[in-house]
Peer 1: 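Please find one structure pasted underneath; my questions will follow.
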Amino acid sequence: MRQIYGATPLPKQLERNLLRIMAGIFVLSLASQELRAIQIAPRQQSADETKFFAQLRKVFGVFRYADLQQVFEASPQVMCSELMSGNGEWREVAFFNENRGLGGWFRASMTEIRSQLDVYTFDGTCLKETSALRVATRFPVDASLKAFRQKQIARSDIAVLVNAPVSANFEKQTRAYTFDLPYLFRVSEPNDNPLYALSARTPSDHYAPEAINRWECKAADAEDVTYQFLICRTSLLLKNGSSTDASGKASYGASAFSILTDGREASASVNLTFK
């Protein structure tokens with residue numbers, strides 16, 4: 001499944017294009033989904049890894065049947081120092097569609113997480129817990145991933161696109177760290193409804209100047225969870241208007257929620273290495 005974002009069409013086309021919205025507005029990582037099929041030698045999980053995945057399953061279970069908009073609004077703010085802990089790198093470990101009929105998944109092994117090449121890296125100075133930060137992103141190139149899967153190149157030779165950092169600011173109204181990624185690629189044909197991806201199909205692809213991917217991140221909170229998780233609401237914005245219907249409201253199913261983690265345990269010095 002590509003990491004694709006779909007612009008919301010006109011109201012009369014909404015029903016016909018619901019699956020495109022499903023495949024679009026939500027963060028379904030190309031690297032994370034397609035690399036899951038790569039065979040990596042299995043190994044026994046450590047006690048820390050077992051604890052981590054037990055907590056991830058718990059977070060997923062708590063959110064799975066909840067109203068995700070309400071969950072997001074009720075979630076506590078994430079602190080600047082938490083985003084910056086360790087090396088500041090966060091990876092996607094779970095995904096929720098606002099419309100439960102449109103899917104959801106979580107990772108079940110460290111092998112899956114280590115196979116990810118898409119990373120969100122926070123950087124800056126926390127003068128206070130709401131200080132502005134920068135977030136850099138990197139994503140593998142589709143064609144290069146395909147060559148790796150066909151054993152034409154080594155994993156170390158997979159081409160990875162590194163994007164320049166963007167500003168991540170704390171928004172008082174939502175109590176979320178918010179950032180806009182202007183690094184989308186149009187992957188649909190010119191006459192089709194617009195579909196966008198964060199990953200380039202080929203190294204020569206160009207960014208789509210009309211589209212922006214907005215992220216709003218808060219702390220993913222659940223009882224007895226000690227590892228650090230973020231719940232991030234994602235949406236597609238077009239520079240000539242937002243992804244809303246004629247009434248100005250976002251269409252149901254047009255929001256997605258990703259769970260990110262840095263693999264660090266907040267209450268101890270233990271942390272998991274994802275590289």
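Counting from 1, the numbers follow the sequence of the chain as shown. A quick note: this is a predicted structure, and the numbers were derived from the prediction, not measured.
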Peer 1: If you look only at distance, which donor and acceptor atoms sit under 3.5 Å apart when one is on a side chain in residues 159-174 and the other is two or more places apart or in another chain?
Peer 2:
{"from": "N163", "atom 1": "OD1", "to": "Y207", "atom 2": "OH", "distance (Å)": "2.5"}
{"from": "N163", "atom 1": "ND2", "to": "T137", "atom 2": "OG1", "distance (Å)": "3.0"}
{"from": "T174", "atom 1": "OG1", "to": "A176", "atom 2": "N", "distance (Å)": "3.4"}

Peer 1: Please lay out, stage by stage, how S235 and R233 fare under the test side-chain hydrogen bond (donor to acceptor under 3.5 Å, both in side chains).
Peer 2: CA-CA 7 Å; S235 56; R233 179 170 61 189; over 6 Å; no
Peer 1: Say whether, by atom type as modelled, one donor and one acceptor occur between the side chain of E216 and the main chain of C232 under 3.5 angstrom.
Peer 2: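 No, E216 side chain to C232 backbone: no donor-acceptor pair under 3.5 Å.
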Peer 1: For S85 and D262, test the side chains for any donor-to-acceptor distance below 3.5 angstrom and give the result as yes or no.
Peer 2: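 Their side chains do contain a donor-acceptor pair, which is all the 3.5 Å distance test asks for.
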Peer 1: What are the two closest non-hydrogen atoms of L117 and R155, and how far apart are they?
Peer 2: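 That closest heavy-atom pairing would be CD2-NH2, 3.5 Å.
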Peer 1: Does E189 have any side chain to side chain donor-acceptor pair (under 3.5 Å) partners at least two apart in sequence or in another chain, and if so, which?
Peer 2: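 None.
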Peer 1: On the 0 to 90° scale, with breaks at 30° and 60°, tag the Y120-F139 ring pair as parallel, tilted or perpendicular.
Peer 2: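 Perpendicular: the ring planes of Y120 and F139 meet at over 60°.
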Peer 1: Check salt bridge (Lys or Arg N to Asp or Glu O under 4.0 Å) between R214 and all other residues, then give those that pass, not counting sequence neighbours.
Peer 2: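 Checked R214 against salt bridge (Lys or Arg N to Asp or Glu O under 4.0 Å); matches are D180.
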Peer 1: Verify, without hydrogens or angle tests, whether R107 (side chain) and F53 (backbone) share a donor-acceptor contact under 3.5 angstrom.
Peer 2: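 Here the side-chain-to-backbone pair does not exist.
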Peer 1: Looking only at atom types and distance, does a side-chain atom of K218 sit under 3.5 Å from a main-chain N or O of S75, one as donor and one as acceptor?
Peer 2: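 Yes, the answer is positive, given that a donor and an acceptor are paired below the 3.5 Å cut-off.
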Peer 1: Side chain to side chain donor-acceptor pair (under 3.5 Å) with Q152: which residues, sequence neighbours excluded?
Peer 2: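 Only Q150 meet the side chain to side chain donor-acceptor pair (under 3.5 Å) criterion with Q152.
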Peer 1: Got a donor-acceptor contact below 3.5 angstrom from the R57 side chain to the F52 backbone?
Peer 2: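 It does not hold such a pair.
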Peer 1: Establish, from distance only, whether the side-chain atoms of T261 and Q228 form a donor-acceptor pair under 3.5 Å.
Peer 2: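 Looking only at side-chain atoms, Q228 and T261 do not form any donor-acceptor pair under 3.5 Å.
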Peer 1: Ignoring hydrogens and angles, write down the donor-acceptor pairs under 3.5 Å from the side chains of residues 121-135, residues two or more places apart or on other chains.
Peer 2:
{"from": "D123", "atom 1": "OD2", "to": "R134", "atom 2": "NH2", "distance (Å)": "2.6"}
{"from": "E129", "atom 1": "OE1", "to": "C80", "atom 2": "N", "distance (Å)": "3.1"}
{"from": "E129", "atom 1": "OE1", "to": "S81", "atom 2": "N", "distance (Å)": "3.0"}
{"from": "E129", "atom 1": "OE1", "to": "S81", "atom 2": "OG", "distance (Å)": "3.1"}
{"from": "E129", "atom 1": "OE2", "to": "S81", "atom 2": "OG", "distance (Å)": "2.9"}
{"from": "S131", "atom 1": "OG", "to": "L127", "atom 2": "N", "distance (Å)": "3.1"}
{"from": "S131", "atom 1": "OG", "to": "K128", "atom 2": "N", "distance (Å)": "2.9"}
{"from": "S131", "atom 1": "OG", "to": "K128", "atom 2": "O", "distance (Å)": "2.9"}

Peer 1: Sequence neighbours left out, what passes salt bridge (Lys or Arg N to Asp or Glu O under 4.0 Å) with E82? Give chain and number order.
Peer 2: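 With sequence neighbours excluded, E82 shows a salt bridge (Lys or Arg N to Asp or Glu O under 4.0 Å) to no residue whatsoever.
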Peer 1: Would you say the ring centroid of W215 lies under 6.0 angstrom from that of Y177?
Peer 2: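 Between Y177 and W215, which both carry aromatic rings, the centre distance is not below 6.0 Å.
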